[in-house]
Each structure stands twice: as C-alpha cells, then as structure tokens.
Amino acid sequence: MLLKSSLILLLLSNIFINDLKVMSIITVILLLMNIFLNKSLKNNLNRMKFLFFLYFTTCLVQLFYKQEGKVLFKFLNFYITEEGVLNFLLNFLRIFNLLMISWVISAKKIVSGKFSKYQKVIETVIDLVPQALVLIKKRMRIKWFFRHILKQIKVKI
C-alpha cells in the first residue's frame with residue numbers, strides 16, 4: 001500500500017511540477033526504486049534503446065523550437081536559448097520518469113485483474129516500435145502496419 005501511494009505521489013508531482021531540481025530528485029528516487037525493486041531493469045533498458053533515441057531526437061527539436069529568452073549560442077539561423085534547454089530537460093525527464101514508474105508497477109505487479117492484460121499489450125507495442133521503421137522503409141500502408149501490430153499482439157497475448 002505504501003508503494004502504491006508513493007508511486008501516485010511521484011506520478012502527480014512528475015506531471016504538475018516544472019522545477020528542474022525537483023524533477024531531478026524525482027528521477028533519482030525512481031532510479032533507486034527501479035534498482036532495488038525491479039529485477040528486469042537491465043532488460044527494460046535494452047528494450048527501450050530505440051524508443052529513447054526517438055524521444056531524445058524529438059526533444060532536440062524542441063531545443064531549436066523555443067527561440068525566445070536568453071541566448072546561449074547560435075547554430076546556423078537558430079538560437080539555442082536557456083528556456084529551450086530547460087524545456088528540453090523537463091520534457092525528457094518527465095517521459096523518463098513515467099517509464100520508470102511503469103517499470104516499477106509492472107515489476108511489482110501492482111496492477112491486477114483486467115488491467116494486467118493492458119500492461120501486456122503496452123509492452124508488446126513498445127517492443128514493436130523498432131519494427132515500425134523497417135515497415136516504413138518497405139513503404140507499407142498504414143492499414144497493413146496496424147494489422148501487423150494487431151497480429152503480433154494477438155500472438156503474444
């Protein structure tokens with residue numbers, strides 16, 4: 001019960017707090033929780049390499065998107081500002097924290113009943129993210145791509 005309530009508090013603070021120091025503290029707490037409570041942390045990190053790469057590149061785009069504020073340096077015609085860097089770090093830490101919360105929840109099997117099936121579906125979809133680029137390179141239609149994902153979910157569940 002204490003684990004559930006602490007995870008809920010961490011989730012809510014992760015969503016509503018915009019302070020980089022507090023977000024960093026939440027990240028450290030969640031990392032320690034994963035180290036001690038999640039036996040498959042290394043496996044989870046290996047599965048998420050590609051997803052981290054995709055999300056990191058989208059966060060980098062956010063770095064160039066925010067052009068107002070104190071300029072740190074200029075890259076071609078784009079300015080990298082202090083506010084853009086803070087926005088980048090906050091968004092990246094938020095997603096990383098949400099992933100770590102979900103890893104603790106799945107490792108401790110906190111979600112049970114009907115919702116445990118949804119957890120398996122989400123894990124299967126995350127595993128299929130690297131295959132998405134392969135299917136895009138083959139110029140597969142969106143309809144066939146979704147059919148492929150649904151077949152994989154049906155097979156694994």
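From a predicted model like this one, the values you see are computed outputs, not experimental measurements. As a basis for the values below, the full set of heavy atoms in this structure was taken, side chains included, without hydrogen atoms, waters or symmetry mates.
Atom CE of Met23 is separated from atom CG of Leu86 by 12.0 Å, given to the nearest 0.5 angstrom. The distance from the OG atom of Ser13 to the CD1 atom of Ile29 is 8.0 Å, given to the nearest 0.5 Å. The line from CD1 of Ile95 to CG of Leu90 is 12.0 Å long, rounded to the nearest 0.5 Å. Residue Met33 holds its CE atom at 10.5 Å from CG of Asn38, rounded to the nearest 0.5 Å. In this structure, Ile80 CD1 and Phe88 CZ are separated by 10.0 Å, a value rounded to the nearest 0.5 Å.
Nearest heavy atoms, Lys70 versus Glu83: N-OE1, 3.3 Å. Closest non-hydrogen pair, Asn14 versus Asn97, comes out as OD1-ND2, 3.1 Å. Heavy-atom minimum distance, Ile101 versus Leu10: CD1-C, 4.2 Å. When all heavy atoms of Met100 and Thr27 are compared, the pair lying nearest together is CE-O, 3.5 Å.
When side chains are defined from C-beta on, Asn18 counts as touching Arg94, because their heavy atoms get closer than 4.5 Å.
A donor-acceptor pair under 3.5 Å is formed between the side chain of Thr81 and the backbone N or O of Gly84.
No continuous path of hydrophobic side-chain contacts links Phe36 to Val104 [ILVMFWY only; heavy atoms under 4.5 Å]. One hydrophobic cluster holds both Ile25 and Leu93 under the rule that ILVMFWY side chains link at heavy-atom gaps under 4.5 Å. Linking ILVMFWY side-chain heavy atoms closer than 4.5 Å, directly or via other members, places Val22 and Leu20 in a single hydrophobic cluster. In the hydrophobic cluster analysis, where Ile, Leu, Val, Met, Phe, Trp and Tyr join through side-chain heavy atoms closer than 4.5 angstrom, Ile15 is grouped together with Trp103. In terms of hydrophobic clustering, with Ile, Leu, Val, Met, Phe, Trp and Tyr side chains grouped at heavy-atom distances under 4.5 Å, Leu9 and Leu30 are assigned to different clusters.
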Dump the intermediate steps for side chain to side chain contact (heavy atoms under 4.5 Å, CB included) on Leu12 and Ile17, then the final yes or no. CA-CA 8 Å; Leu12 291 175; Ile17 292 178; over 6 Å; no

